[in-house]
Each structure stands twice: as C-alpha cells, then as structure tokens.
Amino acid sequence: MSSREKYWLKVWSDRRVFEPDPIQGKKKMFVTVPFPYMNAAVHVGTAFTAARVEFYARFRRLQGYNVLFPWAWHWTGKTIVGMSQRLKQGDPAARRTFVQVDGVPEKEVEKFTDPEYLASYYTKASRQVMKDSGFSIDWRREFRTVDPAFRKFVEWQYLRLREMGYVVQGTHPVVWCPFDKSPTGDHDRMEGEGVSPEEFTLIKFHLGEWALVAATLRPETIYGATNVWVNPDAEYSEARVDGELWVVSSSALTRLAEQKHEVVPVRSFKGSELLGRYAMAPLTGKALPVLPARFVDDSLATGVVYSVPAHAPYDYVALRDIQQGKVESGRQIKEIADKLAPIPILTLKGYSQVPARDAVEKMGIADSADPRLEAATSEVYKAEFHGGVLTQASGPLAGLTVAEAKPKSVELLAKTERLARMFVLPERVVCRCGNRCYVKILENQWFLNYSNPEWKAKTRQVVEKADVFPEDARQWFYSTIEWLNDWPCARRSGMGTKLPWDKEWIVETLSDSTIYMAYYTLSKFVNLEKIGPDHLTPEVLDYVFFGKGNPASLAKSVKTTDKRLRQLREEFMYWYPVDLRNSAKELIPNHLTFFAFHHAAFFPEKQWPRGFGINGMILIEGKKMSKTKGNFVTWKGALEKYGADGFRLALALTADGMDDADWRGRAAEDAKGKVEALIPFVKKTLKSTEVRPENELDSWLVSTFHRRIGTTTEAMEELKIRRAAATVYLDVWNDIRYYLHRGGKPRRQTLTEVFGAWVRMMSPFTPFVAEDLNRELGGKGLASQADWPALKDFPLDEGAELAEWVLGRVTEDARKVLNVVKGPRSKLNVYVSSDQAKNYFFELAAAKQKKESVGQVVKKYSSLKIQPDRVFKLFYEIGEEALAKVASHRGFDEFATLSEASGFISKELGISVVVQKSGASGLHDPGGKAKDALPTKPALYLE
RNA sequence: GCGGGGGUCGCCCAGCCUGGUCAACGGCGCGAGGCUUAGGACCUCGUCCCUUAGGGGUUCGUGGGUUCGAAUCCCACCCCCCGCACCA
C-alpha cells in the first residue's frame, strides 16, 4: 500500500468520518450488502457487489445524508466445518485451494483444522483488505454470526416467528448422508448433482410365507411381468419389516429403516440362492421364476425388480442374454428362461407389440452391458407414457392410457395389501465426505412457512413499495415469492444458533440472516460494551425493535439502565428501515426474497426496505470465475496490483444493471493509469491558465459541466454506477480536453471551479486521489465530506453550447468535403447565412410550428432562390429539439462565432479558412455557393 | 420443463421504457499523423460499402406486422446466459 493511501486512511479513521451516530433531524441513509461467508478469501465478485454500495454510500454522504454502511461476517453453516474436516482428512485439493488460490501461508493452513480458526483467519484478512480499499464502513458495528449477542438476536427472532405461526414442523424425505448425519444438498455432493428422491412402488411377490419385494416406477405393467430379477452376486436378506416377512437386498434394510419402517433382520444370503424359485405376483396370480440379472443394483431401492420384457429394454435384453446362453446360469435356469416370452400389454402407435424389442433392434444393442440401453429405456418409456393404451392383457386396466393406468394399478394393488412405497434416489449420490447417500424420512423438521398465502401477499407488498434497481429485476422477485415453498430453516450440524425451543437444531445460514440489518443498530453498543448478551432477553429485544414493554422495568430486570434501553430503541428507530440492500442477482431467489419475507413478518410498513440493488455476476476475462479453472482473482490480489483507487475505478466502470461484470486486466490497467494521470493533468493544466474575463468557450465548459453533474447525479440515484463513473472519468475529462484543445489560454477561475467540483464527483469512486487533489486545489476539509456539486453553481448557457455545436457541424461538413473532393485545396471559404436567409429560416420554422401555410413566407423571400424543401430537410436533419433551441436563440451570431473559430478550424483541417457573410458586399465567392448558406449550415467552398 | 435476463457496426458495450437529430455513444483492437533519441504514455484523425462538394446504399439474432418513418412498438421463431431449493 502506498504511503498516501495509508495517510488518508488514517485521516478518515482519526476523524471518525465513517462512524455515524443518529443525528435527530438529519436525513439518514442506511445501506447494506449481504455479509460474506468466511470460508475463503473475498474476491473481485464480493468487491464488485460491495463497491456499488460503497460508491453509493459516499455519494449520499456528499449529498448531505447521515450515511450508515456497516459490515459483518457470516460464519453460520456447515461449509466452514466441512472444509476444515476435509483438511483434517488430508484432502490435498482442500489444502491446494487455501494455499494457491487464497494465498494462505502453509503455517496458517495447518491450523485450519480448527474451523473457528479458519473463519477467523479469513475474517481478519478480509477486514484488512476492505479497510485498505478505503471502504467507508462503520467498523464499530462489525460482528460475526456466532457472537453470543447475535445468537440472542437470532433466538429472539425465531421465538417470535414461531409465535406468529411462521415456523412449522414437517416430515419430508431428504437425501441423507449417514456420515454427516445431515441432508446432503446439491453443492455438497461429489456425485449425483440434481438428483432428488423419487417415490417407487413396492410390490410383494409371494415366496412361500415370505414376500420378495420388487420396486418399480411402472406398476401398471404388472400384467406384463414374466419373471423377477435379482442380482446373483449381491447379498440379500430375510427380515421382518413392520411385522411382515420380506426378502430384499441386505443394503435395502438400512434404507427401509430410515424410511420409518421397523426392520428386524433374520438372515442374509447370496442372491443366487433365490434363482429358479417361483414367486407369485399379485393381481395376476401368476407364479414367476426368479432369474439372475447383473444390471440389478442391490443398493438401489429393494434390489429386486420384476421383468416386463415386452416394454422394458433392460428386461428384454437380460432375458435374451440368458436364452442365448450369454449368462452362466446353469442349465435349469436357461430352460426356465427359454419358456418365457414377452407379454405385450399395450398398443403403441409406430411400434410393434413388443416396443422394447423394436428399440433394442433399432439401436443394435448386443447385450446387457450396452450403455445405450439407458437411451432405449427412456425412448420406450416416453413413447408409452404419452401414447400407450393398455389392452385386454391387462385385465381391469384395459382401455386406459398409461397415465391413467398408473394410479389405477396402485389402487388395485393396495386392495391386495401387497403394495408398499419407498423413496429412492434414481441415481448414485455421493456426499463430499465420500459416503453414499440415501433417502431418509426426516421427522419433525422445522420449516419457515413461505407457502403461507397471507405471508406471500404481504411480502409482495414489500417489494411493490420498494425501489428495485434495475427495474428488470422486480419481476424476478414476484415470481420467486409465488414459487417459494416451505423452507427447512434448521439443521443438525454446523455453526450457528440453536433453536431456543429445540436445541437439537441449529438455525440454517439463509434463515439466520434475514433481519440482521436491524442488529447493526445494536452491535455498536455491544462492541463498545455498553450492553452484553445477558441483557438481550427476548423482552428487551421486543422493546428495542417493537417498542413493546416498559423500558424502566425491563432495565431493572436485566440490570441495565432505562436510559440505555431507550438509546438502543432510538438508534434502531433512527436508522431503520434499510434504504438500500444490494447483492448479486443469484441471491434474488433466496436471500433477498427471504429478507423481504421476514421484514414483512416483523416490521410495520414504514420499516420495510426501501430499495433493492441487483448486480450481475463477475466474469474474469469473459469466463466464469472458478477456483479450479485457475482464473480466480482475489480482492487482495487485485487491490495490490492496481491500487485502491485503480481497483475501485475499474470496478465502477465494469457493468451496470443485471449484466454480468467482466473483469479484464487490461481495463483495470487502464483505470489505474487514469487515476495516476489525474494529478499531473490537473497540475499541468492549472499552470497554463491565465486570469481573464469569461468568454463563450468558458461558458460552454461550465454549461457542459452542468449537464455532466445532472447525468451523474441521476445515474447515482438509480445505482447506475458505471454510467455515473463513465460520465465523471471519461466524459468530463474529454470535455476539459476539448476545452483545452479548442484554443486560447484556459481561464483560471473557470478551471479552478470545474476542477473543484470534479474532484468532489470523483470522491465516491476514487477517494484517495480525490483527497490529494482536493488538497492540491486548496479545498477546505475533506473530499469525503464535501458537498456534492450543485447545478446552480454551473449555469447553463445554451448560446455557448449552440456555438460549439455549429462549429462542430461546420468542421464535420468540411471534413466530408475534403474527403470526397480531390484536386487543389488550399483554402476553405465558409459562408454564413445572410440576415435575410436567417429570417426566412426562422419564419418557415415558426410557420411549420404553427402548422400554417408556408406559401406566404416562401413568396416573401423568393429573391433568395432557396427552395423551401431544402430548409425543411435541414429542420429534419437537426431535429425538433435542436431546432427549438436554435429558434430560441435568434440573436446567436454565427458569423462572429465562426470568425473567431476560423483559426481553430484551420488548425483542425490543415487548410486556411476564410469566413464571410453571404450578402455582404465585395464577397469572394468563386463557386457561387454563398447563396446556399442557411443558419447552422454555412455554405462551404474549397479552393 | 418452470422462472429471470439477453442477442447492436472485429471485440466489449450504450441506445430500446418516452419511434424520427442513429451508420448508431464510449472503450479496446487496428491504421495514419503529432509529440518523443527510441519505445511507452499522451494528443488528433480514420476504422460497414460506394462516392471528385457536405451525397447514396446496406446494417442493430430471424421472419412477419403496425407506422409517412423502427435498433426502438406488436406477434412468431431461433440461439445464449443465470436460478430451480434443505445450501452459500
């Protein structure tokens, strides 16, 4: 870090510039960003999101708001613990990420086996990098989500939510990791992303007094069953399941037990023992042989399936394999198989009676090992589901479509009492910890009742009343609110706060961070040790946040003072509501909407959030940032490379709206260069100034600057950071360059004023260089505390703007001509329109404006020999707005302007320039062009 | 599949809400010139095609439509990105 950066950081800190307390009567602005999760180094994505609020905060501060921008750290959840765990298990990938991507010293990584240490390391590092970036955060309010006082806040929150009926209990099937003893979410899986529990139908085939329990997704095919498959190599068991005698694969026993079945194992044996026995099917009453099939996965469902070779390609091929002697199964098995043939049970357009065979033969599938069986299965299944109609072979199901037959078959089976159900993972799911997952029916889980229609309706209002930047994002909120279902809000493992009424459960990360912004008003007092966790009883918090209860008696009961409690209440009432919460768009479907839900539940309308800011995700050189791809850019790394101001400006110029922000090294270099060039540019420019009266060009600069202030202010107020920054650093800079380039010595006072204001406009984005410049320019106080430039200090001057505009048009026209005309060209004659032509022009304009007939006017000026069409074409060319401007400045002296600028034009074009006025006597007009001149469109002639 | 966003002149991107001043802002890249011992930085000009007088032609994913007039409004289609939940 450079010494000047250090210097200003110290000044801001010493003067407590960013430590706001309530000032009654002063307008306030409370802005927040979701706290980052402390399992890794903060990166440019975090920085991008946070920087938008940082810029906004500094901008609002200059506008005179009392701005609070607090920060905290998210430790809740199991990710930190999980990473620590993996490191402990010696996972080399985990270590590599810490060391190579995040740049953690080896010595520190050793200690990361302690999750708390891991989180505290990153917290410390992240805090430092944010401070070094000059973020205007009130660090007095910082906290971690595991702090005792914060836990009291979360406990209070959940007690109240439950009382309001928003926390309910439920029992649901979940993907379960037996090692973690916890549900395994998508991101926690090594294998099986996107797989969720599916309900299979279990059908009991009688095997003497035992039931061989087969699992299926297609119970309607039961009439087509020819045999039952088991895996001859797998282990099976006899067991009492809910008092019945079942035969299933041994591994299925665990899964059944997790699905609320009472399981008592009796004995286990190899699958081959079952081969050749006959099992009686329900409904049909047929005795079906048990045959071997190695495609049967004993770890899926019950490890037993029944075979429908006519309609299931796997079954068809497995049976054919045995018949063709491809399976070593002994003669007896083959003889049984030889007698079996597919039993068609439905008709399907475009297929024969045996669709499974059609698909298998079409694809040329050779045997059970062929991976294309998967595709064949899905093809047949889809076709049958949509177009299959059951035939007489299916008995009571005859005439039904597959879709209709499915529930009907279940109904029939239920009557036979030979039906059961089981949740199954249709594909392998492996937890990050390496263990195979299965479905568990998790009982009495706690849910946030987001499906509650009244709660939804109220939440919708929260969003309706708030600003959403950009507006495009609003619809997404509404759809999310509609779509959101009950959310499991507590888990068994990880860091966090226990549910106060059920200590087995820990409030989950997305659920403990919905109204914590309110806690920022309290954390200041906690950190200053004015109040401690013991004081924060639910009743006290009711008072602080709801104003309920009597502060005097509450104070007595928790041993603090009445005054203190009133102060907490005042602090909250002053800062709330949140004026802006900004985050990346991927948080709309969860965090931001949860945030809206909980505010709807807890607070009255006047304390609902006022604004949502949404930004895109960060890309690195056009590609998604990823630790494994090696294109990961940490905040620290970027800060060190480009400096605080350079980094900040690069972030500001990256993207607006929900567009993804493309972080490019090249652009960051550029930003850094711009920042560095500022001071020399300002210094050098000021040195070249002189003291003199204001001329038209000076007025032009001031007037243009007026417009720049306008666009910047408007953009900032709508959180269009890039637009604002581009105006300040690109447009304004270009304006000044043009002003210098345009000619003459710059006027000292004009530039001093413009620079003074310019610096204040830079201050939100690049505060360090702004402070330097502010000092350089003799500004009093700090640029971080100055006033945002006022429009009235930079008056508009349409006349001056008109002059530069016409000049630009003339130069452009002349360039076009020069481009096209070949031959000698040493002199450009510029003919400004005569007074007569000018009158003609304006009278036509007026007539057109009033939609009057123009005949009179045309006749009046017929001597000019200017076709009215030409004038109308010009009107069209310059546009209505410009025409109005021209019309309201009839006094504008085009001749004087262009005469004055002839030197400039000449320099620009590298040719001598003579400006004359049409109609003047002694006109040099060899091309006879002068008569064509019109206002804003002088005639040109090249010699 | 459902939901959200988007496809603009080599690349990135503005404009679209509130149709005409849009061959279309700005940046990058590229070309020419200036400055400089040289390079870099910086400054000026150029960068769809055609054109010996400021002009013309064809462009804003594709195809229709509305309109005197459409990148902008309407309809259909194609393509890309993101989210889809027990988790940050």
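This one's a predicted model, so the numbers in the text were calculated from it and none came from an experiment. The figures here come from the full heavy-atom set of this structure, side chains too, leaving out hydrogens, waters and symmetry mates. By convention in this document, chain letters (A, B, ...) are assigned in the order of the sequence lines, proteins followed by strands, and residues within each chain are numbered from 1.
The nucleotide B/C2 finds its pairing partner in B/G83, both defining distances of the Watson-Crick or G-U wobble pair being shorter than 3.5 Å. Shown here, B/A38 forms no base pair; nothing in the strands shown gives a Watson-Crick or G-U wobble contact with both key distances under 3.5 Å. Summarising the base pairing, B/G46 is matched to B/C30 through a Watson-Crick or G-U wobble pair whose two defining distances lie under 3.5 Å.
Residue-level contact check: A/Lys78 touches the backbone only, with heavy atoms under 4.0 Å from sugar-phosphate atoms and none from bases. Within the nucleic acid shown, A/Arg474 has no heavy atom closer than 4.0 Å to any nucleic acid atom. As judged by a 4.0 angstrom heavy-atom cut-off over every strand, A/Asp472 is placed among residues touching the sugar-phosphate backbone only. Looking at heavy-atom distances under 4.0 Å, A/Pro680 makes no contact with the nucleic acid at all. Contact annotation for A/Glu471: no contact, since no heavy-atom pair falls under 4.0 Å across all strands. Looking at heavy-atom distances under 4.0 Å, A/Leu730 makes contact with sugar-phosphate atoms alone, never a base. Residue A/Asp656 is classed as having no contact, given no heavy-atom separation below 4.0 Å to the nucleic acid.
Nearest heavy atoms, A/Pro426 versus A/Val195: CD-CG1, 3.8 Å.
Between A/Leu940 and A/Val830 the shortest side-chain heavy-atom distance falls below 4.5 Å.
Distances shorter than 4.0 Å separate none of the side-chain N or O atoms of A/Arg666 from OP1 or OP2 on B/G27. At B/C28, none of the side-chain N or O atoms of A/Arg664 fall inside 4.0 Å of OP1 or OP2 (strictly under the cut-off).
Side chain of A/Met658, nearest nucleotide from B/A85, B/G5, B/A14: B/G5. In the set B/C86, B/A85, B/G54, B/C86 carries the atom at the smallest distance from any side-chain atom of A/Pro488. Of the listed nucleotides (B/C13, B/G27, B/G3), B/G27 has the atom at the smallest distance from the side chain of A/Asn734. For A/Asp186, counting side-chain heavy atoms from C-beta on, the closest listed nucleotide (B/G83, B/A85, B/A14) is B/A85.
Stacking annotation: A/Trp483 is not stacked on the base of B/G3 (requires ring centroids less than 5.5 angstrom apart and an interplanar angle below 30 degrees).
Between A/Gln475 and A/Asp932, the residue anchored nearer the 5' end of RNA chain B, judged by the nucleotide with its closest heavy atom, is A/Gln475. RNA chain B is contacted by both A/Ala939 and A/His172; A/Ala939 maps to the nucleotide lying nearer its 5′ end (nearest heavy atom per residue).
Taking NE2 of A/His598 as the start and OH of A/Tyr450 as the end, the distance is 3.0 Å to the nearest 0.5 Å.
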